[in-house]
Amino acid sequence: MRYANCHGSEASEETEIVVNIGGVRQVLYGDILNRYPETRLAELANCSSGGYDAIFSLCDDYDPARKEFYFDRDPGAFKCIIDVYYFGEIHMKRGVCPICFQKELEFWKIDPSFLDDCCKSNLSEKKEELQEIANRVQLILDDLEGDPSDDRWQKCQKFIWKFLEKPESSLPARVVAIMSFLFILISSVVMCVGTIPELQVEDAEGNHVEHPTLDAIETVCIGWFTIEYILRLISSPNKVHFAFSFMNIIDVLAIMPFYVSLSLTYLGNKMMELSNVQQAIQALRIMRIARIFKLARHSSGLQTLTYALKMSFKELGLLLMYLAMGIFVFSAVGYTMEQSHPETLFKSIPQSFWWAIITMTTVGYGDIYPKTTLGKCNAAISFLCGVIAIALPIHPIINNFVKYYDKQRVLETATKHELDLMELHSIEGKERKESNAAAGLNGRNLSQSDSYIPLLSDAKQHRTRLQSCK
């Protein structure tokens with residue numbers, strides 16, 4: 001328990017004060033409050049000789065007849081804050097907004113270090129959410145207003161970047177995003193259909209190759225991806241960050257096999273044998289599957305899933321560790337049990353790994369299976385353990401997915417509310433100026449409706465905090 005040094009007099013320690021916090025009356029004692037003399041309540045207990053000026057500098061109102069101090073503050077938060085005088089630490093109750101609670105701590109002059117670690121992490125998380133909301137709003141405002149000092153090329157860069165990276169900015173940008181999504185689907189379908197033997201044709205050497213029509217469609221898709229990537233690279237604010245971004249690396253891997261294969265086709269014959277060129281081209285064609293990951297750029301659900309898996313590395317590591325231990329144990333036991341059977345399918349422990357994998361994951365291809373009674377019992381135990389091992393980490397992964405998805409929805413809603421309130425503020429401000437100009441006012445004599453405008457910023461902050469605390 002942490003106590004501050006108290007240098008108050010004996011009279012102040014015996015002082016009994018009555019505080020009214022938002023309609024909730026409570027009696028406090030000076031010896032308890034003086035454990036932290038720098039706080040507002042301790043100063044209030046020791047300000048009897050300072051007169052009414054000192055009293056009203058510390059509270060909102062004071063009743064001399066009842067000797068009661070009034071505070072227009074949150075009584076729920078005060079019940080948590082008062083614990084610091086008795087227990088030396090503070091816990092926030094569930095449902096209390098951390099940002100509002102921090103304001104209460106500042107008012108009562110309580111150091112935030114008295115918050116418990118769990119409450120500190122909650123407060124830090126909400127601060128990050130508010131900062132992210134502010135950043136999103138600022139980005140939107142920058143896009144709307146622009147920088148007057150930008151030259152024509154900089155304005156063109158920002159326009160292209162906004163057009164390609166923010167589909168919600170305009171209808172044409174959304175159409176381009178939908179077209180890009182369709183090109184990804186078409187190129188993926190063409191890649192799969194091109195492997196059907198009935199749709200392939202023979203070249204001059206008698207080898208089966210893709211149909212020319214499919215090649216033409218593939219070329220058009222790659223052309224679209226290439227133009228899109230070059231425009232985004234030219235217009236990006238930070239070229240280095242853009243080049244090493246994960247999604248942009250995926251874009252490069254999606255278009256690179258086409259140009260490398262084209263180079264090998266026309267130049268490789270002079271440098272290596274034809275068979276080696278064809279093998280290299282086939283290997284590069286497999287890399288075309290990377291383009292399916294481009295869908296994540298246009299799907300918030302896939303981005304949320306990626307983030308959930310990224311935040312669940314620990315759980316995924318535990319899953320792999322459980323499976324690895326089970327595979328090693330049950331494959332070794334299965335190999336030992338099956339050695340007594342003359343027609344055993346378990347030739348070695350490494351070969352038994354395959355059986356253990358398909359058994360613990362409940363796939364069971366049937367290409368290798370036990371034939372002895374003990375081997376079958378080992379198989380039954382192995383797939384039961386596999387089901388348990390796979391099911392245990394699933395719940396934390398789902399929680400991470402739901403948590404991130406809900407957070408993104410809250411941030412989007414809060415950002416929209418911020419922009420709506422700012423737009424309302426702007427409209428009300430224009431109407432006020434017009435009415436004042438029509439009435440011949442000079443801007444100093446404000447009507448009753450003018451008093452509502454300054455509250456918009458407070459309402460904006462209040463609503464943002466409410467959205468952040470949901």
Side-chain angles (χ1 to χ4, degrees), residues 1-124 126-127 130 451 454-455 457-459 461-462 464-466 468-469:
M1 183 180 299
R2 298 174 292 182
Y3 293 115
N5 294 327
C6 177
H7 302 288
S9 63
E10 183 179 355
S12 64
E13 291 180 356
E14 297 177 354
T15 302
E16 177 183 294
I17 66 172
V18 180
V19 295
N20 191 309
I21 312 296
V24 178
R25 194 169 181 270
Q26 190 166 350
V27 179
L28 303 173
Y29 299 94
D31 59 338
I32 301 296
L33 300 178
N34 282 319
R35 292 174 178 176
Y36 302 99
E38 301 298 329
T39 61
R40 183 179 291 268
L41 289 175
E43 294 177 358
L44 192 65
N46 299 322
C47 73
S48 58
S49 60
Y52 287 110
D53 292 338
I55 293 176
F56 281 103
S57 66
L58 296 172
C59 64
D60 295 322
D61 201 358
Y62 175 64
D63 187 353
R66 304 177 63 179
K67 296 183 178 181
E68 188 170 344
F69 302 92
Y70 293 88
F71 294 90
D72 187 15
R73 310 301 299 185
D74 183 10
F78 182 77
K79 289 180 180 179
C80 302
I81 292 174
I82 200 65
D83 288 343
V84 71
Y85 296 99
Y86 297 95
F87 308 109
E89 62 180 8
I90 302 174
H91 289 274
M92 286 189 297
K93 291 183 178 180
R94 181 172 297 181
V96 177
C97 175
I99 304 300
C100 295
F101 193 82
Q102 184 184 23
K103 297 296 182 181
E104 293 291 324
L105 290 176
E106 294 175 359
F107 176 81
W108 296 109
K109 301 181 180 181
I110 303 293
D111 197 316
S113 62
F114 288 105
L115 278 172
D116 195 62
D117 291 339
C118 61
C119 302
K120 288 180 181 178
S121 62
N122 193 14
L123 177 61
S124 176
K126 297 305 176 184
K127 284 183 176 180
L130 287 179
S451 62
L455 298 178
S457 59
D458 296 335
Q461 296 174 1
H462 179 65
T464 301
R465 292 168 184 166
L466 287 178
S468 177
C469 295

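Side-chain atoms are counted along with the backbone in the values below, which use heavy atoms only and exclude waters and symmetry mates.
- For the pair Phe101/Ile81, a side-chain contact is recorded, criterion being any heavy-atom separation below 4.5 Å from C-beta on.
- With rounding to the nearest 0.5 angstrom, the CD1 atom of Ile110 is 13.5 Å from the CD atom of Gln102.
- With sequence neighbours excluded, the residues satisfying salt bridge (Lys or Arg N to Asp or Glu O under 4.0 Å) with Arg73 are Glu104.
- In terms of modelled atom types and a separation under 3.5 Å, the side chain of Arg25 and the main chain of Val18 share no donor-acceptor contact.
- Under the rule for a side-chain contact (heavy atoms from CB on, under 4.5 Å), the partners of Asp83 that lie at least two apart in sequence or sit in another chain are Phe87.
- For Phe71 and Trp108, the gap between ring centers is short of 6.0 Å.
- Annotation: side chain of Tyr85 is in contact with side chain of Thr39 (closest heavy-atom distance under 4.5 Å).
- Atoms CG and NE2, on Asp116 and His91 in that order, are 4.0 Å from each other to the nearest 0.5 Å.
- Within 6.0 Å of atom NZ in Lys109, more than 12 heavy atoms from other residues, nucleotides or ligands are found, so the atom counts as buried in its surroundings.
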Determine whether Asp61 and Phe56 satisfy the following criterion, side-chain contact (heavy atoms from CB on, under 4.5 Å), listing intermediate values before the conclusion.
CA-CA 6 Å; Asp61 201 358; Phe56 281 103; 3.7 Å; yes

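- Atoms CD and CG, from Glu106 and Asp111 in turn, are 11.0 Å apart once rounded to the nearest 0.5 Å.
- Residue Tyr29 comes nearest to Glu16 through the heavy atom pair CE2-OE1, 3.3 Å, listed as atom of the first residue, atom of the second, then distance.
- With rounding to the nearest 0.5 Å, the separation of SG in Cys59 from CG in Leu44 is 6.0 Å.
- Contact between Gly30 and Ala45 at its shortest, heavy atoms only, is CA-CB, 4.5 Å.
- Taking 4.5 Å as the limit, every side-chain heavy atom of Asp72 sits out of range of all side-chain heavy atoms of Ile21.
- Side-chain contact between Asn20 and Asp63 is absent, with no heavy-atom pair separated by less than 4.5 Å.
- Looking at every heavy atom in both residues, Pro37 comes nearest to Asn34 through CD-O, 3.6 Å.
- Listed here is the closest heavy atom pair of Leu115 and Cys119: CD2-CB, 4.0 Å.
- When all heavy atoms of Leu41 and Leu33 are compared, the closest pair comes out as O-CD1, 3.7 Å.
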